[in-house]
Each structure stands twice: as C-alpha cells, then as structure tokens.
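Reviewing the structure listed below.
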Number of protein chains: 2
Amino acid sequence: MANKIIKSRVAQNINCFNCCSRHLCIAGGSLNTSEIDYLNGLIQKVVILKKQEHLFHAHSEQKNLYAVYKGSCKEYWIDENGNYCVTNFYFPGDLIGLESISDRTHLLSVVALEPTELCVISLNDFSLMQEKVNILKRFIDITSMKMRNDRSAKMGVTAHERVSDFLLNLISRMLERNQTINHVPLPMSQLDISNFLNIAHETVNRIFKNLARQKIIKIQNKVLTVLDISELERLGRLDYSLKKD
Amino acid sequence: MANKIIKSRVAQNINCFNCCSRHLCIAGGSLNTSEIDYLNGLIQKVVILKKQEHLFHAHSEQKNLYAVYKGSCKEYWIDENGNYCVTNFYFPGDLIGLESISDRTHLLSVVALEPTELCVISLNDFSLMQEKVNILKRFIDITSMKMRNDRSAKMGVTAHERVSDFLLNLISRMLERNQTINHVPLPMSQLDISNFLNIAHETVNRIFKNLARQKIIKIQNKVLTVLDISELERLGRLDYSLKKD
DNA sequence: CGTGCTATTGAGCGTGGTCAACTTTTGTGG
DNA sequence: CCACAAAAGTTGACCACGCTCAATAGCACG
C-alpha cells in the first residue's frame, strides 16, 4: 500500500476559519478569532488517505491527534483471539486518537472508508496549546461530548433496537454537520455495522430490509434516507430530538 | 431521604497526600509535591453518602466533579420509555461527572452502593486548575484512560463472554487499587450487573453459578474470589495481564 | 472479465430471554 | 429484638430471537 500523502494545509487551502465542520472541532465553542488564529497557525499538515488506507495501526507510537476534515474513517482492533472488532466511525469534525493520549501508544487502528483528509495535530502542538486555557477548555468539552456520543450509539437490547439506535446516532451526528435527514451517508459496509453492533451481518441486512419495507428508511448507494423519523425513534431507545439543540 | 452530609476534608483528615487511591486520581501521574499541594488546597469538601443515597440526579445542574475516596457508586439514567439503564460503576480513585462538563448539566444519575465518601472538585476550582498545565495534562490523561476502560467492561458477544469480561474488568481495576484477586468487592446487585451488561438477571445468576461450579470463581457476601484467572480470561475476550503493568 | 468482497435470502437450531415459583437476605417498624 | 415486607437471588420450563451455515446474486477492483 502506498505511503500516505502529507501536504501542507496552506497548499490545500484548508484552514480552521473556512472549515465547515469547525463548530464540532477544536476551533468551535466560544473561542475568539485570535485563539482560532493561534490554533490555525499550529496545525500545518493534512494527511490524505485513499479508501482502505490506514491512518495508523494499533500498538504504534502515537505522534499526533487527527481531526477529520473530509471523508470518514473506521476504528478497530484485533483481539487476542484474532477477532476483528470495529469500535467507532469518524466523520468530519471528529477528533481521532483521544483515548491514546495517556500513554502515547495507539490502542486501536484507524482506516479510511473513502478518500479522506485529516488535519494533523502533533502532540507537540498539543502541548503548546495547553498554555492557552480557552483552547484546552474547548478540548475538554469535546472529550466530554465524545464520551456521551459513544455511549448512545449501541445501547439497545434487541437487534432491532441496536440497529435503530445506530441509525439515530448517525442521523444526529449528520444533523450536527448540517446535513439533512434525507441524505445520511453510510460509508461503512453492513459487515462493519454488524461487527460494531455485535450482531450477525445477516441480521443487520434483514433489519435494514424490514425498515425499508415498512417505509421507515430507504438505503441506496450507501446513502440513508429517513422517511419516518418518529417511527424509527419508537423502535430505538434514543430520542434524537433531545440532542438537536 | 436525608440531605447529604458535606464536611471539610481537613476535619475528616482526608488529603491527597495520604490518599491510597491518589495514583489513580488527579493527584497521581507525574505531578510534583508542590502541584499536589496546590490541588490539595483547592479541594476542600467531602460528600458523605449513605447506601442508596444519591450524589446527584440526571438533568440537574452540574456544579462539581467528584472523586471517590471510599466506597462505590452506580451511574444510571431513565430512558424515554422509562427503562432503568445502568451505565457505570465507580470505585475509589475514579472521577465522576466527566461526561457532563461540556454543558454543565448532568446527563446521568449517581447513587451510592454502600456508605461512600467523595472529594468535591467544584467547577470553579476546576477552572483554577486549568492555569496549572501539569494538572490539566493529568486530567486529560485520566479522561483518556477512562475512555479505554469503559470500552473494555462489556465487550464480549455472548452472555458468558460479557460476564467474564465484566469480572476481568473489575479485577483489573481492583488490582490497580492494590487489592488482591482473592478479594474483589462486588457491591452492586446481580440485577445491576445484568442491567449494565444488557443480560437477563437470571442469566447472570446462572453464569455466576456455572463459574463457581467449575471452580473458576467463588462469590460470598458480595466478595468475588478468583480461583482460576487464566480460565476466566479464556472465557472472556479481555487479557487482564496486558493491563497489569 | 474474472476474483474477491458485499449483500441477500432461506432453513435449522441454540443461546438466552421470559415467566413463574420459591428461597434467602435485607431493611423497617412495632 | 422479632415480625413482617420488600428486595435480591435461585431454579426450572418454554420458546423466540437471532446466530450459524449455506448458497446465490450483485458489485468493485485489478
């Protein structure tokens, strides 16, 4: 596999000010212009990944945090018995690598689900940021929100609930990204979803088909369209309307 | 229910230096004496809870973070359909309230499983701490570790795996607290465990009995004794030996 | 234009959920 | 301290949800 391409953000015309996901990323919250300017100056590089290309592998040294700029990624690990375990999906504005900061070793692997670009926050830059209290507060807020979000994606008891909750979680994340409920990207395979939810992939497929037959959702070309959100909420245990604000 | 008792740490002779869980709490890591001294000066109060008494309820304003000093707590919420959902258990050295920092509103409720004492870190104190870079780094490390730990408690696919993983997770946390594998406290009910793991409580009971019959564990008076750790690891998907260091 | 991955559908069966009954433990008030 | 009530734990029977296996169709990549 080709080595991943790293370019300068300036050359790619990427910066925090014109980034349409910045409200979800570090540059969001209540940071003022000069603080974002400072951030923007620190973050110099972008990694450009092709589909299926790894951002990093588990057990490697963690040198950076990453913020998804464009595209999407899958996080996974291989357990002691050789099982492939999908642990998360990342979309524009999400920070990758937070759970590894404490020991600077990646616990998990991350791979691109489609052509993807990620801003590189070196841990050195991150140390510098720690001098700026407001930026650090923002960082802590993001970590706190991530914990909430991770809890809600796979909570249901039954397979129907779990699939519904997964979709509701995706939908609420896409709404945060100013997408519409009529066009929610599903870049991951049903196999990935089934693995993430601890459900057989045949079951995931049957539930998708079921929901489609009941005209609750429609899936075409890796794009989800929600036809009856209130019915989907009834099936899941999450209430996305609570998280809309 | 009686209002919770709040006392000064000094009066209770509690401080970060003589706390036997400090290596897990904010005062651990590589903080030096003067930094811990600063921390210790900021944290003035202890909350003392009786069994079944709430530390806070979901939807209330978050005024503090809490560090368990002694005892244990259960975290839960009530979903839209009225289901009681256990989301975590906390032991000495654990920080409570991290996922609520971003909007200063508790997402979850926390209740004591036994007589419990918690150090109170007001969010004001927390803001002050943010001026001390090393303390904040330590805080971020803890958050990062919490994310790892939360992932590992309920990972298995089958009921046997999930119960085994839950026990392995508890064991590894107790080892961090200098407890022995022969005396792991189980202050929560089997009902709580079943709810946390999304498993029927009858199933949890049967699996405990099974493990006991196979002489892998023994449970008496809410205390777990591990008789065959390698067999327990084989049944679960976690490898506690990886986390012993 | 094949080769391999992903999606789809069917049939059979086992894990574990549900319901029910009972015992044991814990907590509360007389 | 005992009596009673409530909660927690235990055990058995039943059966359904969802897993496994299998076979085929669609799709994407070289």
Side-chain angles (χ1 to χ4, degrees), chain A residues 1-2 50-53 74 76 83-86 111-115 154 156-166 185-213 217-224 235-237, chain B residues 1-2 49-53 74 76 83-86 89 111-115 154 156-166 185-213 217-224 235-237:
Chain A
M1 189 171 298
K50 294 197 267 292
K51 184 176 177 172
Q52 307 272 28
E53 211 175 347
K74 171 175 70 173
Y76 72 92
N83 301 307
Y84 191 93
C85 306
V86 176
V111 62
L113 291 167
E114 58 189 313
K154 49 201 290 193
V157 188
T158 68
H160 273 83
E161 281 172 357
R162 288 169 84 80
V163 171
S164 302
D165 283 344
F166 173 74
L186 285 179
M188 69 293 288
S189 68
Q190 291 181 14
L191 209 79
D192 288 335
I193 297 173
S194 69
N195 188 303
F196 177 66
L197 295 177
N198 271 348
I199 288 176
H201 71 276
E202 296 93 331
T203 304
V204 169
N205 184 270
R206 279 186 253 264
I207 292 172
F208 278 176
K209 288 280 160 184
N210 256 329
L211 293 174
R213 187 153 25 78
I217 63 168
K218 190 175 68 175
I219 298 178
Q220 252 166 21
N221 298 339
K222 304 235 164 223
V223 173
L224 165 75
L235 293 174
R237 308 178 93 199
Chain B
M1 190 172 295
L49 297 178
K50 294 197 267 292
K51 184 174 178 174
Q52 307 273 28
E53 212 174 346
K74 171 174 72 172
Y76 72 93
N83 301 306
Y84 192 93
C85 307
V86 176
F89 299 107
V111 63
L113 291 167
E114 57 189 313
K154 50 201 288 194
V157 189
T158 67
H160 274 82
E161 281 172 356
R162 289 170 82 80
V163 171
S164 302
D165 284 344
F166 173 74
L186 285 179
M188 69 294 287
S189 68
Q190 291 182 13
L191 206 81
D192 287 336
I193 297 173
S194 69
N195 187 304
F196 177 66
L197 296 176
N198 271 349
I199 289 176
H201 70 277
E202 296 93 331
T203 303
V204 169
N205 183 269
R206 278 186 254 263
I207 292 173
F208 278 176
K209 289 280 160 181
N210 255 331
L211 293 174
R213 187 152 27 76
I217 63 167
K218 189 175 69 173
I219 298 179
Q220 252 167 19
N221 299 340
K222 305 236 163 219
V223 172
L224 166 75
L235 292 174
R237 308 179 93 199

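Numbered from 1 within each chain, the chains take letters A, B, ... in sequence-line order.
Taking atom NZ on B:K74 and atom C1' on D:dA7, their separation rounds to 12 Å, with Å as the unit. The distance between atom CD1 of B:I219 and atom C1' of C:dT24, rounded to the nearest whole Å, is 16 Å. To the nearest angstrom, C1' of C:dT8 lies 13 Å from CZ of A:F208. Counting to the nearest Å, the P atom of D:dG12 and the CG atom of B:N210 are 12 Å from each other. In this structure, CG of B:N221 is placed 12 Å from P of D:dG9, rounded to the nearest angstrom. B:I199 places its CD1 atom 19 Å from the P atom of D:dC17, with the value rounded to the nearest Å. Whole-Å rounding puts the B:H201 NE2 to C:dG16 P distance at 16 Å. Here C:dG17 presents its P atom at 12 Å from NE2 of B:H160, a figure rounded to the nearest Å.
The nucleotide whose nearest atom lies closest to any side-chain atom of A:L191 is, among D:dC19, C:dT6, C:dA20, C:dT6. Ranking D:dC19, D:dG9, C:dG10 by closeness to the B:K222 side chain, first place goes to D:dG9. For A:K209, the listed nucleotide lying nearest its side chain is C:dT8; candidates were C:dT8, C:dG17, D:dG18. For A:E202, the listed nucleotide lying nearest its side chain is D:dA22; candidates were D:dA13, D:dA22, C:dG16.
Heavy atoms of B:A200 sit under 4.0 angstrom from at least one base atom.
Judged by distance alone, with hydrogens and angles left aside, B:R206 brings a side-chain donor or acceptor within reach of the base of D:dG12, the pair sitting under 3.5 Å. For A:Q52 and D:dC29, a side-chain-to-base donor-acceptor distance below 3.5 Å is absent, hydrogens and geometry of angles not being considered. Below the 3.5 angstrom threshold, one finds no donor paired with an acceptor across the side chain of B:R162 and the base of C:dG16. Under 3.5 Å, the side chain of A:Q190 and the base of C:dC5 form no donor-acceptor pair of N or O atoms.
Side-chain atoms of B:V223 and B:Q220, non-hydrogen and from C-beta on, never get closer than 4.5 Å to each other. A heavy-atom distance below 4.5 Å is found between the side chains of B:L211 and B:L235.
Between B:T203 and the phosphate of C:dG17, there is a side-chain N or O to OP1/OP2 separation shorter than 4.0 Å. At C:dT26, none of the side-chain N or O atoms of B:K51 fall inside 4.0 Å of OP1 or OP2 (strictly under the cut-off).
A pairwise comparison of heavy atoms in B:K50 and B:A112 identifies O-CB, 3.5 Å as the closest pair. Heavy atoms only, all atoms of each residue included: A:I207 and A:H160 are closest at CD1-N, 3.7 Å. Counting all heavy atoms, side chain and backbone alike, A:V157 lies closest to A:R162 at O-CD, 3.9 Å.
No option in B:L113, B:I219, B:N221 other than B:I219 meets the side chain to side chain contact (heavy atoms under 4.5 Å, CB included) test with B:L186.
Partners of A:K222 under the side chain to side chain contact (heavy atoms under 4.5 Å, CB included) rule, at least two apart in sequence or in another chain, are A:S189.
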May I have the list of side-chain donor-acceptor pairs in residues 195-205 of chain A shorter than 3.5 Å, sequence neighbours left out?
{"residue": "A:N195", "atom": "OD1", "partner": "A:V86", "partner atom": "N", "Å": "2.8"}
{"residue": "A:N195", "atom": "ND2", "partner": "A:Y84", "partner atom": "O", "Å": "2.7"}
{"residue": "A:N198", "atom": "ND2", "partner": "B:M155", "partner atom": "O", "Å": "3.2"}
{"residue": "A:N205", "atom": "ND2", "partner": "A:Q190", "partner atom": "OE1", "Å": "2.8"}

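Five base pairs at each end of the helix from C:dC1-D:dG30 to C:dG30-D:dC1 define two local axes, and these are offset by 60° (rounded to 10°).
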